[in-house]
Amino acid sequence: MPLSAMAASSYDKELNVALLAVQRATLLTKSVFHNHAKGTLNKSDASPVTIGDFGAQALIIAALQHNFPDDEIVAEEEAKDLRENSHVRETVWNLVQRAKLSDSSAEQVLGGEVESADAMLDIIDKGDSKGGSKGRIWAIDPIDGTKGFLRGGQYAVCLALMVDGDVKVGVLGCPNLPVSDSQPLVEGIGADASDEEGKFGVLFSAVQGQGAESRALSKGSLTTSHAINMKPIKDISEATFCESVEAGHSSQGDAAAIASKLGITTPSVRMDSQAKYGSIARGAGDLYLRLPVRADYVEKIWDHAAGDLIVREAGGMVTDVEGNRLNFRLGRTLRENKGVIAAPREVHGRVIEVVKEVLGAKV
Ligand SMILES: Nc1ncnc2c1ncn2[C@@H]1O[C@H](COP(=O)(O)O)[C@@H](O)[C@H]1OP(=O)(O)O
Ligand SMILES: [Mg+2]
Ligand SMILES: [Mg+2]
Ligand SMILES: [Mg+2]
């Protein structure tokens, strides 16, 4: 490959912008958690959305538009509720104006300020791409695990770049996870993520073919990163697995039956959001089981794109419950996939066998 083509395919700029954009958005979500009524509204599917979700989405899209104006964006939220509710709109607008990285060169990378509250609404609505299998498309979940965010549990600010339907860059900001990869899995705020000395959780990232990394989140420029890898498993019965806190998002009964058939005796660690993908990618846990509760639920691309790449680049395999790779080419949803099974490559096949036995026995 000619040198110029290699440079063009390394995604250095995309990764740098994505990391800084996610870091700035996590700062906004932290300030909402500490200083505000959350401004929680209920969406049409009865799931919650807060001023933090809207503000984080506005900040991330503003940064992407400044740097990559021709790229499409698939984002979870829309501005309709803000257009109809001036009080919530003004609160989000204040947050967006105040959210700044302390390092001016980092801020400069992310681009100019959002001009007005109206411009902010239009920016939020730029996340309405239909997605698909052609071209450059970013997927944003401004707060994944909103219920965890509201409870003071885990949540993640999620951003991924897909090119022709393939995930090339993935970033997860997890403000409540421990900074250190070797801390045990936690459901609540990590002991070393308490915001003292400016430490507040971790940024995971991956670029296709270049491995996965983690680094401490900061309020200014990026901290130094290091490579992460899934933990090698000698005996699957010694694995730890994580699953959703919300029983409505993943069948905890099926997970317990699968774990028992695999000989796993350690209870599951329940945590919200794509923090589960980051946690197994750094070797703090081994398996992530997401087992369908309702036949009619269709997973969204923004809930999985970044985590899928980060786990695969750390040595894992991510599929649905049938063992098929997640298909990000079909639009805003993963309509061909049911559930998610993420595991180290060497044991993934065995886990899928047992998943099929347990789920097959139910029908
Ligand atoms: N019935 C469901 N099954 C699986 N996932 C769901 C379901 N309802 C909502 N979700 C999504 O699960 C994600 C959080 O999952 P976790 O349990 O891993 O924290 C959220 O993005 C949420 O979507 P939404 O943003 O629409 O609420
Ligand atoms: Mg989500
Ligand atoms: Mg969300
Ligand atoms: Mg949501």
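- Applying the 6.0 Å contact sphere to CD of E357 captures more than 12 heavy atoms from other residues, nucleotides or ligands.
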**Item:** Derivation of the side-chain hydrogen bond (donor to acceptor under 3.5 Å, both in side chains) call for S250 and E243
**Value:** CA-CA 7 Å; S250 181; E243 62 179 343; 4.9 Å; no

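- Residue-environment remark: NE2 (H87) stays at or below the threshold of 12 foreign heavy atoms within 6.0 Å.
- One N or O on the side chain of S279 and one on the backbone of A275 form a donor-acceptor pair closer than 3.5 Å.
- Within 6.0 Å of NZ on K13 lie more than 12 heavy atoms contributed by other residues, nucleotides or ligands.
- By the rule that hydrophobic residues join a cluster once side-chain heavy atoms approach within less than 4.5 Å of another member, V340 and L330 end up as members of separate clusters.
- The hydrophobic cluster containing L287 does not contain M317, counting ILVMFWY residues as joined when their side-chain heavy atoms lie under 4.5 angstrom apart, directly or transitively.
- Between L20 and G220, the shortest heavy-atom contact is CD2-O, 4.3 Å.
- Hydrophobic clustering (side-chain heavy atoms under 4.5 Å, transitive across Ile, Leu, Val, Met, Phe, Trp, Tyr) groups V157 together with L15.
- In summary, E72 and K134 do not engage in a salt bridge, as defined by a charged side-chain N under 4.0 Å from a carboxylate O.
- Panel note: side chain D141, backbone E76; no donor-acceptor pair is recorded below 3.5 Å.
- Ionic pairing of E238 and K234 is not present here: no N-O contact between side-chain nitrogen and carboxylate oxygen is shorter than 4.0 angstrom.
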**Request:** Could you walk me through whether V321 and K356 pass the side-chain contact (heavy atoms from CB on, under 4.5 Å) test, one step at a time?
**Result:** CA-CA 7 Å; V321 292; K356 286 183 177 169; over 6 Å; no

**Item:** Test side-chain hydrogen bond (donor to acceptor under 3.5 Å, both in side chains) applied to Q208 and D166, step by step
**Value:** CA-CA 9 Å; Q208 189 183 55; D166 217 15; 3.1 Å; yes

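- In this structure, the side chains of S214 and H226 come closer than 4.5 Å at one or more pairs of heavy atoms.
- Side-chain atoms of D53 and T50 form a donor-acceptor pair, as typed in the model, at a separation below 3.5 Å.
- Salt-bridge formation is not detected for the pair D122/K126: no Lys NZ or Arg NE/NH1/NH2 atom is positioned less than 4.0 Å from an Asp or Glu carboxylate oxygen.
- Taking the charged nitrogens against the carboxylate oxygens, E107 and K100 have no contact shorter than 4.0 Å, which rules out a salt bridge.
- Between the N337 side chain and the R325 main chain, a donor and an acceptor come within less than 3.5 Å of each other.
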**Item:** side-chain contact (heavy atoms from CB on, under 4.5 Å) evaluation trace for C158 with I140
**Value:** CA-CA 6 Å; C158 314; I140 304 174; over 6 Å; no

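- Counting heavy-atom neighbours within 6.0 Å of E90 CD, excluding the residue itself, gives a total above 12.
- Judged purely by distance below 3.5 Å, without hydrogens or angles, the side chains of D118 and S116 never pair a donor atom with an acceptor atom.
- No donor-acceptor pair closer than 3.5 Å links the side chain of R332 to the backbone N or O of K300.
- Between D81 and R83 there is no salt bridge, since none of the side-chain N atoms of the basic residue sits less than 4.0 Å from a carboxylate O of the acidic one.
- A donor and an acceptor atom, one from each side chain of N324 and E336, are nowhere located under 3.5 Å apart.
- No side-chain heavy atom of L101 sits under 4.5 Å from any side-chain heavy atom of S221.
- Ring centers of Y288 and F241: at least 6.0 Å apart, outside the cut-off.
- Two residues are said to be in side-chain contact when any heavy atoms from C-beta on lie closer than 4.5 Å; S205 and L19 meet this criterion.
- The shortest distance between side-chain heavy atoms of Q108 and L110 does not fall below 4.5 Å.
- Cation-pi geometry between R136 and F68 is met: the NZ or CZ atom falls under 6.0 Å from the ring centre, inside 45° of the normal.
- Paired with V17 under the rule side-chain contact (heavy atoms from CB on, under 4.5 Å), one option of L159, D12, V109 passes, and it is V109.
- No continuous path of ILVMFWY side-chain contacts below 4.5 Å connects V293 to I341, so the two sit in separate hydrophobic clusters.
- Side-chain N/O atoms of T146 and Y155 include no donor and acceptor closer than 3.5 Å.
- Annotation: the span from M120 atom CE to L59 atom CG amounts to 9.5 Å, rounded to 0.5 Å.
- Inspection of the S133 and D164 side chains reveals no N or O donor paired with an N or O acceptor under 3.5 Å.
- No hydrogens or angles considered: nothing links the side chains of Q274 and H304 as a donor-acceptor pair under 3.5 Å.
- A donor-acceptor contact closer than 3.5 angstrom is absent between the side chains of H249 and D272.
- Only one option out of R215, E213, R282 pairs with F204 in a side-chain contact (heavy atoms from CB on, under 4.5 Å); it is R282.
- Comment: E299 engages R290 in a salt bridge, judged by a side-chain N to carboxylate O separation of less than 4.0 angstrom.
- Under 3.5 Å, the side chains of S273 and Q154 contain no donor-acceptor pair of N or O atoms.
- The main-chain N or O of V207 is never found under 3.5 Å from a side-chain atom of K168 such that the two would form a donor-acceptor pair.
- One N or O on the side chain of T223 and one on the backbone of A216 form a donor-acceptor pair closer than 3.5 Å.
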**Message:** Before you tell me yes or no, could you show the steps for Y277 and I310 under side-chain contact (heavy atoms from CB on, under 4.5 Å), namely the whole-Å CA-CA distance, both residues' side-chain angles and the distance that decides it to 0.1 Å?
**Reply:** CA-CA 7 Å; Y277 284 111; I310 290 167; 5.8 Å; no

**Asked** Given H348 and T319, is the side-chain contact (heavy atoms from CB on, under 4.5 Å) satisfied, shown in steps?
**Response** CA-CA 9 Å; H348 187 272; T319 69; 3.0 Å; yes

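- A salt bridge links E77 with K43: the distance from a Lys NZ or Arg NE/NH1/NH2 to an Asp or Glu carboxylate oxygen falls below 4.0 Å.
- No side-chain donor-acceptor contact under 3.5 Å links K219 to the backbone of R24.
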